[in-house]
Amino acid sequence: MPQQIDAHGLPCETSCTNYLMNDRLGKITTMSNTKLLIAFTLFVAMAACGRPDSSAEKMMPQAEDNAVGPATAVDRSAEEPELLIEGDYMRSIVLEIADDRYEGRGPGSPGDEMARRYLADEMAALGLLPGADDGSWQQMFDLVGINASQPASWTFDGKDTSMTLKQWDQFIVGSGVQQPEVAVSDAEVVFVGYGIQAPEYDWDDYKGTDLNGKILLMMNNDPDWDPELFEGETRLWYGRWDYKFESAARQGAAGAIIIHTEPSAGYPFQVVQTSWTGVQFELPADDEPRTRFKAWLTEDASRELVAMAGMDLDALREAASNRDFTPVPLGITTSLAMDVDIDHARSGNVLGLIPGSDPSLRHEVVVYTAHHDHLGIGTPNDEGDEIYNGARDNAAGVAIPMAIARAIKALPVAPRRSVLIALVGAEEQGLLGAEHYAANPTFAPGKIAANINYDSPNIWGATHDVTFIGLGKSTIDSIAARFAEERGRVLKPDQFPDKGYFYRSDQFSLAKIGVPAMYLKAGTDFVDRPTGWGREQQNQHTTVDYHQPSDEYDASWNFDGMVQDALLGYWTGLAIANADDVPAWNRGDEFEAARLAAIEALGQ
């Protein structure tokens with residue numbers, strides 16, 4: 001008799017026999033704890049008798065003291081998850097989708113479609129179910145491609161003089177609107193400091209100034225000199241470029257220019273050059289305010305521009321480091337006109353579901369995310385390579401949730417809650433796939449127990465530590481810390497806090513709808529390496545390979561660290577999936593209100 005499947009691909013009726021069919025290797029693993037072994041034995045006995053019983057739910061492993069715990073720990077002398085979460089499997093995925101045949105997996109491209117099809121096929125081979133609401137493997141979404149014909153030069157006029165900047169070397173500019181042309185004429189440039197409005201910090205750089213039709217010149221990052229103000233060196237959403245452009249649009253500005261410095265951006269200007277040229281994708285525009293253009297200037301070009309106004313950039317920065325700062329008109333005007341090619345494309349989030357085994361919890365879910373896209377074909381490097389393969393960013397990231405899914409499917413009993421593997425698209429364009437999923441979730445936000453995200457993972461080997469982006473924000477902390485400690489590892493918060501990593505990857509989109517999140521990245525304390533070596537490797541990668549054609553797989557990659565971090569995510573997610581209670585944002589966290597609203601919505 002065909003099994004009944006609900007809208008989430010979940011079995012409407014699950015017997016004990018179904019619980020035992022998850023091991024695609026044909027092996028049954030046993031549980032390490034005596035109590036769990038007895039529980040599993042009872043499951044087997046009931047399955048043998050063929051008598052599904054509601055009492056099975058009561059015998060599911062329970063976390064002690066209502067804490068989230070390792071309810072499905074397995075016998076390490078049998079089929080250990082470590083044997084399924086292994087480097088060779090992850091390497092095979094990287095070698096496939098980071099190959100030149102995929103042409104960098106640019107959104108909406110043939111390579112993007114190939115990658116999505118390949119990943120869906122892999123999920124099917126692992127025994128996952130299609131996770132989209134329509135019963136397919138992909139949650140499709142529309143994209144608008146915007147390719148501005150950037151001018152070769154850009155002139156700014158002062159009272160008695162003018163200066164002309166050179167495209168690529170000194171500025172990068174893109175369209176802020178989804179229209180075939182952009183034009184701004186004789187608009188005044190105004191320095192607006194950080195361009196931040198944050199009432200919770202009693203901070204407003206605009207002070208009610210009429211900036212309609214102006215060009216706003218603004219600093220990157222957020223105030224970082226006081227740990228009690230904007231969390232000090234830890235960059236917040238206020239310090240991100242996307243916040244800056246949105247903030248300028250809310251003021252009615254015609255355009256916005258961010259002053260690039262490597263410390264404030266977290267990467268060199270070459271990343272701006274390669275990331276902001278060619279086709280830029282967005283979700284279809286709604287009625288949100290927009291600037292006509294969005295631009296970046298190098299620090300040197302910005303200094304020259306301000307000097308033309310008879311001012312000093314450092315003095316302006318100093319003035320902006322004060323709550324009393326008010327916008328400073330520079331007495332400089334500029335005009336800009338660009339033709340813009342508008343195209344339409346589609347991409348998709350690849351969704352694979354592992355249905356939960358507990359009838360009362362299977363409509364809740366733990367979501368593992370990683371983005372499958374990269375930059376596609378772009379500006380050639382000095383060697384003539386124009387394919388931005390994105391091997392570390394993020395073919396390697398994709399490989400981790402796939403390996404985790406492989407291990408979960410080998411368990412003798414599926415987790416109590418469902419598990420969703422969400423390989424999202426168009427992340428490099430501004431977290432677009434994750435944003436679309438957050439707006440159209442396949443589970444109600446209040447039913448999403450947690451999100452575990454991987455992006456640009458460790459390719460350099462085993463570490464004594466692991467970086468948890470978001471440590472200190474939710475009760476996931478204690479769960480992950482316990483599993484890290486059991487394996488002799490130390491859980492550390494963002495070790496490059498000035499880069500704002502929490503707001504640069506897909507878990508941010510789910511956090512905005514209230515989902516507690518853990519984003520794992522490489523540690524810096526590498527086994528058998530001298531102090532400082534790990535930071536050197538990561539900084540070198542950012543300087544040389546990040547968003548460049550050189551981000552390719554190399555035989556020197558060491559997957560030991562990826563395996564470690566995958567195992568931590570596996571055990572943490574499994575514990576959450578099996579616990580009575582779900583994680584929560586810490587009291588007062590910026591996402592707490594969204595979580596409470598999501599839970600409240602469940603009762604409406």
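Just so we're clear, the structure is a prediction, and the values are computed from it rather than from any experiment.
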(message) Please report the interatomic distance CH2(W137) to CG(L423), rounded to the nearest 0.5 Å.
(response) 11.0 Å

(request) Nearest 0.5 Å please: distance from the OG atom of S456 over to the NE2 atom of H371. (result) 5.5 Å

Please identify each residue that fulfils ring pair (Phe, Tyr, Trp, His ring centres under 6.0 Å) with [X], with sequence neighbours left out.
X    : result
F496 : none
H372 : none
Y454 : none

Would you find a donor on one side and an acceptor on the other, under 3.5 Å apart, between the side chain of [X] and the backbone of [Y]?
X    : Y    : result
D554 : S556 : yes
D477 : L471 : no
N558 : I459 : no
N389 : A98  : yes

Check this for me: does any side-chain nitrogen of one of [X] and [Y] sit under 4.0 Å from a carboxylate oxygen of the other?
X    : Y    : value
D112 : R116 : yes
E113 : R105 : no
D498 : R235 : no
R416 : E364 : no

Any side-chain heavy-atom pair of [X] and [Y] under 4.5 Å:
X    : Y    : result
H374 : N394 : no
V419 : V365 : no
L361 : D580 : no

(request) Any chance you could lay out the side-chain contact (heavy atoms from CB on, under 4.5 Å) test for R417 and V582, step after step, and finish with the verdict? (result) CA-CA 10 Å; R417 289 180 178 85; V582 296; 3.4 Å; yes

Can [X] and [Y] be counted as having a side-chain donor-acceptor contact under 3.5 angstrom?
X    : Y    : value
E435 : S509 : no
T463 : R489 : yes
D455 : Q507 : no
T369 : N453 : yes

(request) Take E428 and H547, measure what side-chain hydrogen bond (donor to acceptor under 3.5 Å, both in side chains) needs, and give me the verdict at the end. (result) CA-CA 9 Å; E428 302 290 8; H547 284 195; 2.9 Å; yes

For the pair [X] and [Y], name the ring-plane relationship: parallel under 30°, tilted 30 to 60°, perpendicular over 60°.
X    : Y    : answer
Y553 : W557 : perpendicular
W237 : F508 : tilted
H541 : W460 : perpendicular
Y243 : Y238 : perpendicular

(request) Can you tell me which residue pairs pass the ring-ring contact (aromatic ring centres under 6.0 Å, His included) test with a partner in residues 579-604, sequence neighbours excluded? (result) F502-F591, W585-F591

(message) So, using salt bridge (Lys or Arg N to Asp or Glu O under 4.0 Å) as the criterion, who are the partners of D494 when residues are at least two apart?
(response) none

(message) Take a 6.0 Å sphere around CD of E233 and say whether it holds more than 12 heavy atoms from other residues, nucleotides or ligands.
(response) no

(message) Among residues at least two apart in sequence or on other chains, which ones pass side chain to side chain donor-acceptor pair (under 3.5 Å) with Q429?
(response) none

(request) Could you check D465 against Q495 for side-chain hydrogen bond (donor to acceptor under 3.5 Å, both in side chains), going step by step and ending with a plain yes or no? (result) CA-CA 11 Å; D465 60 342; Q495 301 191 57; 3.1 Å; yes

(request) Start with the C-alpha gap between Y437 and T442, add the side-chain angles, then the distance that decides, and say whether side-chain hydrogen bond (donor to acceptor under 3.5 Å, both in side chains) holds. (result) CA-CA 8 Å; Y437 182 85; T442 54; 2.7 Å; yes

(message) The test is side-chain contact (heavy atoms from CB on, under 4.5 Å); show your working for Q538 and T524 and say whether it passes.
(response) CA-CA 8 Å; Q538 294 180 55; T524 58; 3.7 Å; yes

